[in-house]
Undergrad: 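Handing you a structure now.
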2 protein chains.
Amino acid sequence: MKSTVHDIARTAGVSLATVDRVLNDRPGVRAKTRERVMNAMNALGYVRDVGAANLARGRRYRFDFILPDNENTFMLSLRTELETAIKHAMAERVQINLVLVPAFDEAALVAALDACTAHQPDGVAFIALDTDPVRAACQRLTQSGVHAVTLVSDLGHSSRAHYVGIDNGAAGRTAARLLGLFANGTKGAIAVLAGSLQVRDHQERYDGFRTAMQVDFPGREILPVLEGLDEGKRVEKLVRDLLAHRQDIAGIYSLGAGNRGLVEALAAAPAHADRPLVVAHERDGITAQALRQGLIHAILAQDAGHEIRSAIRVLKASADRLAIVPGQEHIRIEIFLKDNLPQSDCRNLAETE
Amino acid sequence: MKSTVHDIARTAGVSLATVDRVLNDRPGVRAKTRERVMNAMNALGYVRDVGAANLARGRRYRFDFILPDNENTFMLSLRTELETAIKHAMAERVQINLVLVPAFDEAALVAALDACTAHQPDGVAFIALDTDPVRAACQRLTQSGVHAVTLVSDLGHSSRAHYVGIDNGAAGRTAARLLGLFANGTKGAIAVLAGSLQVRDHQERYDGFRTAMQVDFPGREILPVLEGLDEGKRVEKLVRDLLAHRQDIAGIYSLGAGNRGLVEALAAAPAHADRPLVVAHERDGITAQALRQGLIHAILAQDAGHEIRSAIRVLKASADRLAIVPGQEHIRIEIFLKDNLPQSDCRNLAETE
DNA sequence: CTGTTAGCGCATTCAC
DNA sequence: GTGAATGCGCTAACAG
């Protein structure tokens, strides 16, 4: 039950060093000897003490996290969760370096990745822009021996070891079903609001949404996408215009940020009219309150804390060449209705977009 | 950044032993000296290496998990996840003992808790039956110095340190809103299917459901609860009878187990009729497939793996008198539609109830 | 190829 | 009150 390397060495009739060699399969052990040690190991049901091993090894994990300097609530909460994680991580011998880059700036992201390649940490987590230069930079990084994971937005056909984030296509399809079912019995059209279809997450959500809508709720008109560039002001104008020009909007799917504008436009709409059914992304002070007030009817979200912690665990596992627990690292699409909103999110009231 | 007890001892001009005394606030240090050490500590930004500490201390966590010997999929997956966790936990010096007790057997649960009190592990996790004898047994356990957490079903007004599970009231309310919105535009009645209202989770879900339904969708008729005792056969008969006698069932909320029966009854119903909208609890092979086929329209679920891992983390934190990360330990109510069902759940096809 | 030895960072006897 | 010494389970130089 509680056997140590000493026990193995003794029952196998070898020395500690030899046990260590087979344990970390290093060269320099005769096949015969190796086998003897192996037998002793599972005879005693040995499980190595990782803590002691890391202590002796003096191992220190160094990870770089590249995040955009965006000021929207989601990115902010990602940064907040990272700060928290950094503190906890220190006690577990992992050191995390936060690198901020301008948002949506391909050159900056490539430069940051190349800087990591030079810096040679044990691992890197980054929010990808899905372009070839980024793919190439990622390739350089991993080929130099650094483990890389993508966060929130993936990099297709790349050398990243893992993607930490939700399935955006599924999110779009889920939104379609929610809206389709909620709008059951109504006749109006559905409007879609995105930041920009140039961004991969948004594109994937939109594709999923449109496809599912067409398949499962045929006959429901989907209006052309409105691109609000994730800016509250712009989004507000778009929605105001929309609601002013068309009286028959049955539902709205807001798949990007800038929900402040959406909510304000909805609130300004005449109360006696049938309000459109609204599904939006990301839970923050604004969307949560709108959900409570009935301006929004469902929120799809991803848990920033979970994503950060998962990224660290995955990076650590990669560094140690250990397997991960798939169930633990699956990032769920969270669905919030008025009723399952955590009571405790009055804290997040300091939001921007 | 990487200061050790030695550094502190040196800069404070004391010995290791003294540093250790203030670190674990033990007696035998003059206030003056203690202060000097404290100053040195935060001057150097010291963070103690928990791994090394545990190694030196030879600390071993021993936890007991008391689970019912139920054969339904949820309990089974809870056990499976526990087995997995046990393996991983061993490497981190925690030893977990699984204790199976007959389901819904108050005397057995009390006996198991008392056995734990005698056995004196570091912590105990158990699925509570919400009764006074259980409360008293829990009291005895915690008063003997063992940390206790409830799992899945809570014990009201008790001495447990933490509840690891979903908010069942919120789950019920969420189901109400889903069904209410989905059934928008229809006129029929809503049927509710429970295992037994004697069980606390079920009672809470039902209360939440009924209240939310009455408030948010007034005028919608809710039929009296049908109690299927979580047995597939019984549930099937209840639903068959229901659908045969009433043509106007707009929705069904199945808040307990035995969903196999529900699904079979639904599948047997004439396809040309308007199918009722169905919300059920717990994701398993049966409910997932029914969701795909459109017999069920939403599943509310709790993640057994998350619950097990959370329980272990919380128990460990209690044993070390450490704080937990609230966000990490919040068990979410998961909502699955056809579209966000993990592709990978064909594995769970071996289900019973 | 294999064994000896000296720590990693900390907790814990024991002397002083 | 305080300090010096020993060892937890493991790894990593070194010797042989």
Side-chain angles (χ1 to χ4, degrees), chain A residues 1-41 44-62 89-95 319-322, chain B residues 1-38 40-41 44-61 89-95 319-322:
Chain A
M1 269 301 170
K2 40 180 174 183
S3 57
T4 76
V5 276
H6 288 92
D7 302 326
I8 299 178
R10 192 156 14 82
T11 69
V14 296
S15 79
L16 288 182
T18 304
V19 174
D20 183 69
R21 285 185 188 101
V22 356
L23 215 66
N24 302 314
D25 41 36
R26 264 187 287 257
V29 185
R30 251 191 338 209
K32 275 274 191 166
T33 321
R34 151 164 283 120
E35 199 166 339
R36 283 230 310 282
V37 176
M38 300 281 262
N39 289 340
M41 274 177 46
L44 297 183
Y46 173 76
V47 280
R48 127 217 260 143
D49 185 325
V50 205
N54 283 347
L55 174 59
R57 198 181 314 212
R59 196 169 193 350
R60 239 128 190 136
Y61 305 86
R62 296 182 323 150
M90 268 215 301
E92 291 162 46
R93 10 180 38 89
V94 348
Q95 194 179 47
D320 290 339
R321 304 194 144 62
L322 252 44
Chain B
M1 270 305 170
K2 40 179 174 184
S3 58
T4 76
V5 277
H6 289 91
D7 302 326
I8 298 179
R10 194 156 13 80
T11 69
V14 295
S15 79
L16 290 180
T18 303
V19 174
D20 183 70
R21 285 186 188 100
V22 357
L23 215 67
N24 302 315
D25 43 35
R26 263 187 288 260
V29 185
R30 252 192 335 213
K32 275 272 191 168
T33 321
R34 151 163 280 120
E35 200 167 339
R36 284 230 311 282
V37 175
M38 299 281 263
M41 275 177 47
L44 297 183
Y46 173 76
V47 279
R48 127 220 256 144
D49 184 324
V50 204
N54 283 347
L55 173 57
R57 197 182 312 211
R59 193 161 191 0
R60 248 140 178 128
Y61 305 86
M90 267 216 299
E92 291 163 44
R93 8 178 40 86
V94 347
Q95 194 178 50
D320 289 338
R321 303 194 145 61
L322 252 45

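Chain naming here is simple, since letters A, B, ... match the order of the sequence lines and numbering starts at 1 in each.
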Undergrad: Could you tell me the separation between the CG atom of A:Asp7 and the P atom of D:dC8, rounded to a whole number of Å?
TA: 11 Å
Undergrad: Using a heavy-atom cut-off of under 4.0 Å over every strand shown, decide if A:Gly58 touches base, sugar-phosphate, or nothing.
TA: nothing
Undergrad: Atom CD of B:Glu92 and atom C1' of D:dC8: how far apart are they, to the nearest Å?
TA: 18 Å
Undergrad: Please name the residue in the list B:Val22, B:Thr11, B:Asp20 that meets the side chain to side chain contact (heavy atoms under 4.5 Å, CB included) test with B:Val37.
TA: B:Val22
Undergrad: Just N and O in the side chain of A:Thr18: are any of them under 4.0 Å from OP1 or OP2 of C:dT2?
TA: no
Undergrad: Atom CG of B:Leu44 and atom P of C:dG9: how far apart are they, to the nearest Å?
TA: 14 Å
Undergrad: More than 12 heavy atoms of other residues, nucleotides or ligands under 6.0 Å from CZ of B:Arg321: yes or no?
TA: no
Undergrad: Whole Å only: how far is the CZ atom of A:Arg36 from the C1' atom of C:dC1?
TA: 13 Å
Undergrad: Would B:Asn24 and B:Arg48 count as a side chain to side chain contact (heavy atoms under 4.5 Å, CB included) here? Give the steps.
TA: CA-CA 11 Å; B:Asn24 302 315; B:Arg48 127 220 256 144; 2.4 Å; yes
Undergrad: For nucleotides 10-16 of chain C, read 5' to 3', which letter fits each nucleotide if B means a protein heavy atom sits under 4.0 Å from the base, S means only the sugar-phosphate is that close, and - means neither?
TA: BBB----
Undergrad: In whole angstrom, give the distance that lies between atom CG of B:Leu55 and atom P of D:dG7.
TA: 14 Å
Undergrad: Indicate whether any N or O donor in one side chain lies under 3.5 Å from an N or O acceptor in the other, for B:Asp7 and B:Tyr46.
TA: no
Undergrad: Is there a side chain to side chain contact (heavy atoms under 4.5 Å, CB included) between A:Met41 and A:Leu23 once you walk through the steps?
TA: CA-CA 9 Å; A:Met41 274 177 46; A:Leu23 215 66; 3.6 Å; yes
Undergrad: Which part of the nucleic acid, if any, lies within reach of B:Val14 when heavy atoms closer than 4.0 Å are counted: base, sugar-phosphate only, or nothing?
TA: sugar-phosphate
Undergrad: Applying side chain to side chain contact (heavy atoms under 4.5 Å, CB included) to B:Thr33 and B:Arg21, what does each step give before you reach the verdict?
TA: CA-CA 11 Å; B:Thr33 321; B:Arg21 285 186 188 100; over 6 Å; no
